[in-house]
Amino acid sequence: ALTGHKGWGKLWRNCTPQPAYDFIIVGGGGHGLATAYYLAKVFRKSRIAVLEKSWLGSGNIGRNTTIVRSNYLLPGNQPFYEFSMKLWENMEQDLNFNAMMSQRSIINLFHSDGQRDAYRRRGNAMHLSGAGGTLLSADELREIAPFLNFDNARFPIKGGLRQERAGTARHDGVAWGYARAADQLGVDLIQNCEVTGFRREAGKVVGVETSRGFIGAKKVGVAVAGSSSRVMAAAEMRLPMESHVLQAFVTEGLKPTLPGVITFGAGHFYVSQSDKGGLVFGGDIDGYNTYAQRGNLPVVEDVIEGGMALMPMLGRARLLRSWGGVMDMSMDGSPIIDKTGIEGLYFNGGWCYGGFKATPASGYVFAHLLATDTPHEVASAFRFDRFARGYVIDEKGVGAQPN
Ligand code: FAD
């Protein structure tokens, strides 16, 4: 700012498309950019392009509530998210970029004996993968978060499961960090370039049709989040997925109040406090299918009701903004990272409302799949055929398990 914001170098080149690449990644969100970065950095690949229909980071990577955690239960998920957490812990050094990663903890509240038992089981699964975690009593919680509604509540708070290593990171900083680092490794980042189709010869993908013409490719990886079903329809694939909007909200800045991220266990509400002091919160998806990046008032009311039930002091804060992003909701709440039935075409999606925390691991394992044609060991359950085999990873219903 002392320079009047003049003379700052660009973080990445604004590339024009080359006729052909070895790898094309469709989607310049967090997952696409991370994939390109790890392909170049870890798997030593070159001739890589990321094609983004809008500007880099214009999708969910810049719209989420920034929560990072690895407090999952199921064996298909927990090792993957713990792998991601370890990448988060070293990401800023790796990218040489300040993404404001802040391990300020998450507390999932429980409100009944049965819920406490379920959380204890989840905590044990977390310890098995090295994620850590502590079960807190209501008295311990009163010390940490006295503003919660302990007494006059329909669902009294009985305690919480805390993961100390969880927290928040500045979401668009993550996109910028991966973009700059990928660019420095020679990845072409191409904005305003929408993929409209996949060209095939003898059953194999040979490139993509785009709003800027045909671009050849040996391998194409799709990571377009909420647009997954639309983009894969161009390859005649119908996905086990629906698109819904998820809204988020931020209040005016308050003095430091929240000890970390807090989630309600008797309704869908989660809240953290940004470094600027705003309370950042969200809840359920809007109930209808949509590709619009904005939601409707019934869910606004529902989310704020949840917040008021949990911490009535929220009613004194003024809301500054709300916004929405389109979620790729898979049928079991878990992602898909897999080859498709078309040679040379690979898919990464189905992150529902929890893909921000997955960004580093998703990029890493997708790069592994693209480079080696084999799934990474922590992502071996994220296959298309799990729906045909009935081997679903149904983790969306684990108590209050938002974001
Ligand atoms: P995106 O950033 O959406 O990237 C996909 C990109 O593909 C977009 O830039 C889009 O423009 C581009 N694209 C689409 N179609 C085409 C095409 N045809 N050609 C070229 N490009 C195309 N997750 C958490 O872990 N923690 C949270 O706290 C959290 N909170 C959330 C709150 C909200 C309100 C929302 C909306 C999401 C939240 N999420 C959270 C989910 C998380 O943000 C997403 O799962 C994740 O960002 C999706 O991956 P991405 O970053 O690659 O997606």
Side-chain angles (χ1 to χ4, degrees), residues 24-36 49-72 81 84-85 88 106 166-169 171-172 174-175 178-179 190-198 208-212 215 220-235 243-250 261 263 270-272 280-286 291 293-295 299 303 321-330 335 348-363 366 401-403:
I24 282 182
I25 310 300
V26 186
H31 294 219
L33 292 165
T35 304
V50 176
L51 309 185
E52 165 55 47
K53 74 173 176 185
S54 181
W55 70 89
L56 296 180
S58 56
N60 292 342
I61 186 67
R63 293 167 182 269
N64 58 68
T65 41
T66 78
I67 301 167
V68 172
R69 58 181 173 86
S70 62
N71 56 355
Y72 282 71
Y81 286 101
S84 203
M85 180 59 86
W88 277 111
I106 188 169
T168 55
H171 47 195
D172 35 22
V174 175
Y178 274 115
I190 302 165
Q191 307 183 75
N192 299 312
C193 183
E194 178 169 6
V195 170
T196 53
F198 301 95
V208 291
E209 312 290 349
T210 80
S211 52
R212 295 171 71 171
I215 309 175
V220 177
V222 176
V224 294
S227 302
S228 292
S229 23
R230 280 212 288 209
V231 172
M232 296 311 280
S243 292
H244 289 256
V245 63
L246 178 68
Q247 304 191 54
F249 309 84
V250 66
V261 184
T263 77
Y270 45 90
V271 61
S272 65
V280 180
F281 59 90
D284 249 332
I285 51 175
D286 283 38
Y291 292 108
Q293 289 177 313
R294 60 179 180 274
V299 167
V303 171
R321 285 192 307 281
S322 70
W323 63 92
V326 183
M327 321 302 341
D328 38 340
M329 302 299 294
S330 68
N348 176 329
W351 292 101
C352 305
Y353 32 57
F356 177 61
K357 70 183 73 62
T359 305
S362 166
F366 199 35
Q401 182 72 307
N403 298 313

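Just follow the structure's listing: the first ligand is 1, and inside any ligand the first atom is 1. Owing to the predicted nature of the structure, the values given are computational and were not obtained by experimental measurement. Quick note: residue numbers are just sequence positions, from 1.
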> For atom 17 (C) of ligand 1, which candidate among V195, T359, N60, T196 provides the closest heavy atom?
Replying inline: V195
> Would H171 count as a contact of ligand 1 if the rule is a heavy atom under 4.0 Å away?
Replying inline: no
>> If the cut-off is 4.0 Å to any non-hydrogen atom of A248, which atoms of ligand 1 fall inside it?
In response: 34 (C)
> Do K53 and S227 have side-chain heavy atoms sitting under 4.5 Å apart?
Replying inline: yes
> So is G354 in contact with ligand 1, going by heavy-atom distances below 4.0 Å?
Replying inline: yes
>> Testing I25, L51, V208 one by one against V220 for a side chain to side chain contact (heavy atoms under 4.5 Å, CB included), which residue passes?
In response: V208
> Would you say K53 and ligand 1 have an N/O pair spaced under 3.5 Å apart?
Replying inline: yes
>> Using a 4.0 Å cutoff against the non-hydrogen atoms of L51, which atoms of ligand 1 qualify?
In response: 20 (C), 21 (N)
>> Under a 4.0 angstrom heavy-atom cut-off, which atoms of ligand 1 come close to K357?
In response: 24 (C), 25 (O)
> Going by the order shown, which atoms of ligand 1 are within less than 4.0 Å of some heavy atom of G325?
Replying inline: 36 (C)
>> Between Y81 and W88 (judged by ring centroids, cut-off 6.0 Å), do the two rings come close enough to count as a pair?
In response: no
> Residues in side-chain hydrogen bond (donor to acceptor under 3.5 Å, both in side chains) with E209, at least two apart?
Replying inline: R199
> For ligand 1, which atoms, with element, lie under 4.0 Å from some heavy atom of G27?
Replying inline: 6 (C), 7 (O), 12 (C), 21 (N)
>> Tell me whether ligand 1 is touched by C352 - counting only heavy atoms on the residue side and a distance under 4.0 Å.
In response: yes
> Applying a 4.0 Å heavy-atom criterion (strictly less than), which segment of F356 is in contact with ligand 1: side chain, backbone, both, or neither?
Replying inline: both
> A234: heavy atom below 4.0 Å from ligand 1, yes or no?
Replying inline: no
> Would you say G30 and ligand 1 have an N/O pair spaced under 3.5 Å apart?
Replying inline: yes
> Counting from 1, what ligand 1 atoms have a heavy atom of H31 closer than 4.0 Å?
Replying inline: 49 (O), 50 (P), 51 (O), 52 (O)
>> One residue to check: C193. Relative to ligand 1, which of side chain, backbone, both or neither has a non-hydrogen atom less than 4.0 Å away?
In response: backbone
> About how many Å separate CE of M329 and CD1 of I285, when rounded to the nearest 0.5 Å?
Replying inline: 4.0 Å
> Is a side-chain N or O of S362 found less than 3.5 angstrom from the main chain of H31, in a donor-acceptor match?
Replying inline: no
>> Within the structure, is a non-hydrogen atom of A223 found at a distance of less than 4.0 Å from ligand 1?
In response: yes
>> If I apply the N/O under 3.5 Å rule, does E52 come out as touching ligand 1?
In response: yes
> Out of N64, V326, L56, whose heavy atom is nearest to atom 43 (O) of ligand 1?
Replying inline: N64
